[in-house]
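Heads up, the thing below is written out as C-alpha cells.
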Protein chains: 2
Amino acid sequence: MNPETPKGRAPSIRDVARLAEVSHQTVSRVLNDHPSIRPETRERVLAAMETLQYRPNRAARALVTSRSHTIGVLASTSTEYGPATSIAAIEDAAREHGYYVNTANIADQSAEGIADALEHLMLQAIEGLVVIAPQVRVFEVLAASPVGVPFVSLQSTGRSDHLALSVDQVTGARRATQHLINLGHRQIVHLAGPQDWIEAEARMRGFLDAIGDADLDLRPPILGDWSADFGYFAGRELLRHRDFTAVFAANDQMAIGFMHAVRDMGLDVPGDISVVGFDDIPVAQHVWPPLTTVYQDYRETGRRAVALLLNQVHGERVLEVEQVVPRLVVRGSTAEAPVVRAAGDATGGAPGRRSRV
Amino acid sequence: MNPETPKGRAPSIRDVARLAEVSHQTVSRVLNDHPSIRPETRERVLAAMETLQYRPNRAARALVTSRSHTIGVLASTSTEYGPATSIAAIEDAAREHGYYVNTANIADQSAEGIADALEHLMLQAIEGLVVIAPQVRVFEVLAASPVGVPFVSLQSTGRSDHLALSVDQVTGARRATQHLINLGHRQIVHLAGPQDWIEAEARMRGFLDAIGDADLDLRPPILGDWSADFGYFAGRELLRHRDFTAVFAANDQMAIGFMHAVRDMGLDVPGDISVVGFDDIPVAQHVWPPLTTVYQDYRETGRRAVALLLNQVHGERVLEVEQVVPRLVVRGSTAEAPVVRAAGDATGGAPGRRSRV
DNA sequence: GGAACCGATGTGCACGGTCACATCGAAGCT
DNA sequence: AGCTTCGATGTGACCGTGCACATCGGTTCC
C-alpha cells in the first residue's frame, strides 16, 4: 500500500537503506545503537524507517544471532490465583527487559505430559526457563533430559542444579501452626497439598516442625488436591469425630471449603474450630469468617524470578538469594481453643470476632 | 559432545543429510511429510536425526516461510479467575494445533499501555490475535492502528470488523435478575463492573432489560472495579439505607465482598438481602451462604477462540458462531423477598437454605 | 520404441538480519 | 611529511530452512 514499499513483502533493512541512501549495514547499526553513526545519518535512517513503517524481523535476527529473546515458563495449575499472578508478573517483567515469554502448561501430571510441555518449549529455542510447576516429578524429568539453558524455579527444591527463589514456606507454615498453638489448640489437623508438590511438602514440614517443637500429638496430615471442593469433603469426613479444635490448610481454597463443611455440621468457626489458610487470596478477607492466613507476594516472586534468570542468561554472577519469609495475617477464623471439649455441643459461642478489612 | 556433531553449533538439516547420505532437501521433505519419499529413505533420515538429537530451527523456518506459528493474546487482569482460565485453555489448544502463544498484559488502562502491548505482539510477527482484554478502549486502539492479522475477541462488541465469541452475557444477566424478581424482590441494586468494560456493559444491559420488563423502579447501577474489596465498601455505603432487598453483582468477587458488608452490618443473606453473582468461581459454592451465580465455561470459550482464529488464519470459511448462554446456578444466597420491610430488624430468619455442593 | 509422465531426489537461491573485514578520509603523533 | 589511529561507512558471507527448478531412472501409453 505504501508507495515506497517495493513488492508485496514487508520492508527490510535493504529497503530502508535504499530510501535513506546508505548501506544496509548502516541501517543495522542504527537498529543496534552502534556508537559510530553520525547523528545526521541516524536521523535519515530513522525517517526512512518511519516512512516505510519498517519493523525488524525477529526470525531473521534470531537466526543469525541464535538468540531467541524468549524465555519459557513451565506451568501447571496456571488457573490458580498464585501461579496466575506469578505468570502475569513474569510476562510483565520479561517484556520490560525486551524478552518474550512462552508458556507451556503441563496437561496431566504424568512424566510424559511434562516432557511434552518441555519439548514444546525447547522447540521454541528458549534462552531460559522458569519452572512454576512445583511438582517434584518435574525436576526428575528435568534432570533426566537436561534443557541446556539456565532455569529458575519458583519453589525451593533443595537441589543445587538450578536456582530456586526460596520463599520460606516452611517458616510460613510453622508460624501459622504456632499461631494456633499459642491460642491453646492441642489437636490440630493439617489439610496438606498433594503428595508430589514441593510447596505442599514445605508447608507440611513447617507444620510438623511446629507440632514437634510444642511436643503435641501428631495426627497424620490429610493429603488434598488444593481445591475448595476437597476441603469441603475432607471436612465432612473429619467432623464426624470432633477430636480436634483447629485446622491448618495448605491453601486458602481448602480452608474455605473446610469452613463450609463446618457450617454444614452446625458448628462454628472459630468458636468450635479455628482455621488457618495459606496464600491470602483476595477473597480470603471477605469470606465468613475472614480467614487467618499466610500472605505471600506472588507478583514479586515472579518479578524476581525473571531478574535472576536473565542474570544467568547474560552470564552474570548470580548472587545468593535471600529468603523471603511470608507473613501471617491474623483475621477472624482463629480464636482461643474451647476450654472444654464438648463433643455434642454444636452451638458453641462465637468469641473473638475481630473481623477487619 | 556428540561425536557426529561437527562444530559447537547445533546440528542442522545439512548435518543430518550428511549422516543419512542424502541431500538437505530430502531431510527437509521428511520434516514436512512430503509424500514422495521412499519409506527406507525416511527411516534413514529419522535415524540420523535421532543420533544427532536434531531439532528444527524455528527461526530459520519462520524466516523462509514468513510464518511464525505464533498467536498473540492481548490480556488484561489475567490474574482473575476467568481470564486466567481462558488463557490457559488458549495455550493448551494452540499447542495442540502446533502453535505458540505469546501473551502481553496491558499494563495500565491507558491507550498508550494498550498500544505498547500490541506493539510487543506485532514485533513477534503473530499470525493471529486473541483479545481477552475486554475494554472498549482496546477496540478503539485496534481500530486506530490495524494489526493486519485476523483477530478474535472473547467478548462480544457488536462491531463487525472481527469475530467475537459471543457468550450471551446479556441473557445471563437478565436471567439472574429475573430470578430475583421471581422471588418477589422489587428493589434490586446492581453492582456493575467498570465503565469501559464490554462485559460490564453487557451484564448491566441484561439487568436493565429485566428491570424494564418487570416495570420496576430503576436504581442507577454502582460502577465498581470487579474486586471483592470494592464489593465490601460499596456494601457498607449502600447498607446505610436499607431501601433494597436484593443485589445483583456483576461478578462473584464483588458479590462476596458485598456479603461481607451485609454481615458486618448485622444483617443476613438471604434473610434480609439476596445476592447474586456472576462467573461461578470455584469458591462461590463454599462461601457462606453458597452464592447463587451465573456459570460460564471459560475453558471452553478459550478453546473455541483458538479454533475460530486458526480457521481464519488458514483462510477457511468462518461459520457463524452460535451464542452460548451461560447458566444460572441457584444456591443459598437468594431467597424470597422479606414480606415486610422492617428497617430496624436485623435478625431476620434464614429461609430457603438450599446449600448444595 | 520414443514421447510423455511420474516418483524420488538433488542443486542453488532466497528469506532478513548480523558479523568480520575492507575502505577511506581526517586527525594525531613523531 | 609520513605513519598510525580512529570514526564512519560499505561489501560480502553466512545463519538454517523451504521453494522453484533440474535431474534421472522407470513406467505408461499410443
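Each chain gets a letter, A, B and so on, in the order the sequences are listed, and its residues count up from 1.
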First locate atom CG of A:L142, then atom CG of A:L129, and finally report the distance between them rounded to the nearest 0.5 Å. 6.5 Å
Tell me the interatomic distance from A:R67, atom CZ, to C:dG17, atom P, rounded to whole angstroms. 18 Å
With sugar-phosphate meaning primed atoms plus P, OP1 and OP2, does B:V22 contact a base, only sugar-phosphate, or nothing at under 4.0 Å between heavy atoms? sugar-phosphate
Return no unless some side-chain N or O of A:S36 is found under 4.0 Å from OP1 or OP2 of D:dG7. no
Please determine, for the side chain of B:R9, which listed nucleotide (C:dG16, C:dG10, D:dG16) has the closest atom? D:dG16
Would you say a side-chain N or O of A:T41 is under 4.0 Å from OP1 or OP2 of D:dT9? yes
Hey, is B:R303 close enough to B:E300 for a salt bridge, meaning N to O under 4.0 Å? yes
For D:dT17, does the base pair up with any side-chain atom of B:R14 as donor and acceptor (N or O, under 3.5 Å, distance only)? yes
Which residue, B:V64 or B:R42, contacts DNA chain C at a nucleotide closer to its 5' end, judged by nearest heavy atom? B:R42
Below 6.0 angstrom between ring centroids: does that apply to A:H69 and A:Y99? yes
For the side chain of A:R29 and the base of D:dG10, is some donor closer than 3.5 Å to an acceptor across the two? yes
Nearest-Å distance for atom pair NE2/P, residues A:H24 and D:dA8: 19 Å
From CD of B:Q25 across to P of C:dT9 the rounded distance in Å is 12 Å
Expressed in angstrom and rounded to an integer, what is the separation of B:R18 atom CZ from C:dT11 atom P? 13 Å
What about A:R55, does its side chain sit under 3.5 Å from the base of C:dG16 through a donor-acceptor pair? no
Of the candidates D:dG16, C:dG16, C:dA8, the side chain of B:N57 sits closest to D:dG16
Looking only at D:dT11, C:dG10, D:dT17, the nucleotide nearest the B:S23 side chain is C:dG10
Among D:dG12, C:dG10, C:dG16, find the nucleotide with the atom closest to the side chain of B:L63. C:dG16
B:H34 NE2 to D:dC21 P: how many Å, rounded? 15 Å
Using a strict 4.0 Å threshold on nitrogen-to-oxygen distance, state whether A:E43 and A:R38 make a salt bridge. no
What is the distance, rounded to the nearest whole Å, between atom CZ of A:R58 and atom P of C:dT18? 13 Å
Whole-Å distance, A:L31 CG to C:dT18 C1', equals 11 Å
So does B:N32 get a side-chain nitrogen or oxygen closer than 4.0 Å to the phosphate oxygens (OP1/OP2) of D:dG18? yes
Counting only side-chain heavy atoms from C-beta out, which of C:dT11, C:dT18, D:dT17 sits nearest to B:P56? D:dT17
Ring geometry between B:Y81 and B:Y298 (parallel below 30°, tilted from 30 to 60°, perpendicular above 60°): perpendicular
Has B:S28 got a side-chain N or O lying under 4.0 Å from the OP1 or OP2 atom of D:dG18? yes
Any side-chain N or O of B:R38 under 4.0 Å from OP1/OP2 of C:dA8? no
Considering only heavy side-chain atoms of B:S12, the closest of C:dG16, D:dT17, C:dT18 is D:dT17
A:I13 CD1 - D:dT9 C1' separation (whole Å): 14 Å
Under-4.0 Å salt bridge between A:R299 and A:D92: yes
